[in-house]
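Here the structure comes first, spelled out in structure tokens, and everything after it is commentary.
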Amino acid sequence: MEVALELARSCDYATSPNPMVGAVVIRDGEIVGRGRTAPAGGPHAEVTALREAGEAARGATLVVSLEPCCHQGRTPPCTEAVVAAGISRCIAAMPDPNPRVSGSGLEALRRAGIEVTVGVGSETARLLNEQYLRWMTAGVPFVTAKFAASLDGRIATASGESHWITGDAARRLGHLLRHRHDAVLVGVGTVLADDPELSTRLEGTVARQPLRVVLDSRLSVPPAARVIGSDGRCLIATRSGAPAAARRALEAAGARVIPFTPGADGRVPLGEVLKLLAEEERISVLVEGGARVHGSVFDQELADRVVAYIAPRVVGGERAPCAVAGRGVARLAAAAPLTGVTVERAGDDIVVSGYCVRGQGGASPVQGGE
Ligand code: AOF
Ligand code: ZN
């Protein structure tokens with residue numbers, strides 16, 4: 001299973017919206033076939049492993065990091081391939097929450113006389129596919145909230161200077177985070193202040209380029225903004241009734257503009273934007289701020305994970321913005337500590353990450369985006 005999980009990890013997020021899966025075929029204690037999920041539309045891990053094993057698969061054990069699928073999707077059901085290959089035992093790390101599979105894959109194997117064990121290595125397997133699991137079970141993308149702040153939590157000076165709070169190493173990690181998400185989302189304030197490209201720049205590997213999403217209720221993003229780019233992969237989420245001329249100019253520049261019925265606070269409803277992204281098979285979103293967008297994310301308990309880059313410097317200033325605005329919590333008890341917290345160094349900076357606990361009573365459920 002360790003080998004299967006390593007194969008799964010080596011998919012390096014290229015399979016989205018499919019989960020990253022690894023499979024090995026074991027015959028007389030030796031690995032005779034290995035496979036990992038190909039990018040969506042390509043063969044699943046089991047099929048590749050069985051193909052490599054060939055005739056050696058007959059009577060062998062298949063170890064796989066997710067329940068084999070039993071449905072016709074973009075590719076045929078894996079269970080049929082497993083049965084046809086003559087596998088006699090299957091060890092799976094965890095069930096596939098896809099309602100079209102969800103235990104039926106394991107059941108189909110059992111019905112064919114295959115001995116099935118499930119649960120080996122499930123913790124690692126779950127973590128590896130946390131984005132897929134959230135998307136498949138909740139109908140929203142897995143949301144990571146990321147910010148870079150000073151020791152006292154400021155993301156800029158009172159005069160608005162923010163380049164750069166953290167050092168090179170932390171910024172490189174920021175690009176790795178983009179690589180691991182299907183979309184990057186910011187508020188219009190960030191676009192106006194920084195004119196970011198929101199692309200992924202990584203040395204030595206082919207970086208995945210996320211969809212770029214901007215929350216912009218009044219359509220004040222300039223058509224020449226770098227975030228729009230020339231690849232047609234920029235989505236501007238706005239309010240219905242936003243100025244038609246601005247919309248035409250942004251669309252002419254290559255952006256996709258989508259109006260949403262505003263929330264009770266008159267802003268772009270972030271939850272609805274996430275739902276749309278999920279429908280378009282974006283299984284993960286990296287929210288990079290600014291403070292108001294992060295405010296909405298936390299007030300509405302939309303974040304699954306937080307990654308904070310903290311620079312060991314003090315900025316101070318009553319008017320210097322903090323990483324998270326919004327309403328915040330009324331009582332400390334509602335600000336539950338993150339779980340699974342990790343602390344690492346990145347050059348002189350500190351990287352703190354962890355998982356959000358929902359249901360602790362975040363602020364108003366109607367707060368919208370920028
Ligand atoms: C497996 N092995 O390696 C993966 C599985 O459209 P398709 O045919 O590619 O099917 C996608 C679904 O298959 C996906 O939603 C998930 O349920 C399952 N992924 N299953 O047996 C694999 N990646
Ligand atoms: Zn499959």
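Indexing begins at 1, ligand by ligand and atom by atom, following the structure's order. Starting from 1, each residue takes its place in the sequence as its number.
Taking a 4.0 Å cut-off on heavy atoms, His71 registers as neighbouring ligand 1. In this structure, Pro68 counts as a contact residue of ligand 1, since one of its heavy atoms falls inside 4.0 Å of the ligand.
In this comparison of Asn129, Val47, Val21, Thr15, the heavy atom closest to atom 4 (C) of ligand 1 sits on Val21.
The shortest N or O to N or O distance between Gly41 and ligand 1 is not below 3.5 Å. On a distance-only criterion, Pro19 and ligand 1 share at least one N/O pair closer than 3.5 Å.
In this structure, Glu123 does not pair ionically with Arg126, as no charged nitrogen and carboxylate oxygen lie closer than 4.0 Å. A salt bridge does not link Arg172 with Glu203: none of the charged nitrogens is closer than 4.0 Å to a carboxylate oxygen. The residues Arg9 and Glu6 are annotated as salt-bridged, a charged nitrogen and a carboxylate oxygen being separated by less than 4.0 angstrom. A salt bridge links Asp231 with Arg212; the closest basic N to acidic carboxylate O contact falls under 4.0 Å.
Listed by chain and number, His44 ND1, Cys69 SG, Cys78 SG are the protein N/O/S atoms closer than 2.8 Å to the Zn ion (ligand 2), with waters left out.
If you check which protein heavy atom lies closest to atom 3 (O) of ligand 1, you get Thr37 OG1, 2.8 Å. Protein heavy atom at the shortest distance from atom 20 (N) of ligand 1 is His44 ND1, 3.4 Å. Ranking the protein heavy atoms by distance from atom 6 (O) of ligand 1 puts Arg74 N, 2.6 Å first.
Only the side chain of Glu46 comes within 4.0 Å of ligand 1, judged by heavy-atom distances. With a 4.0 Å cut-off on non-hydrogen atoms, Cys78 touches ligand 1 through its side chain and not its backbone. The proximity of Asp96 to ligand 1, defined as any non-hydrogen pair under 4.0 Å, is limited to the side chain. No part of Trp135 comes within 4.0 Å of ligand 1, judged by heavy-atom distances.
Side-chain polar atoms of Glu130 and Tyr355 form a donor-acceptor pair below 3.5 angstrom.
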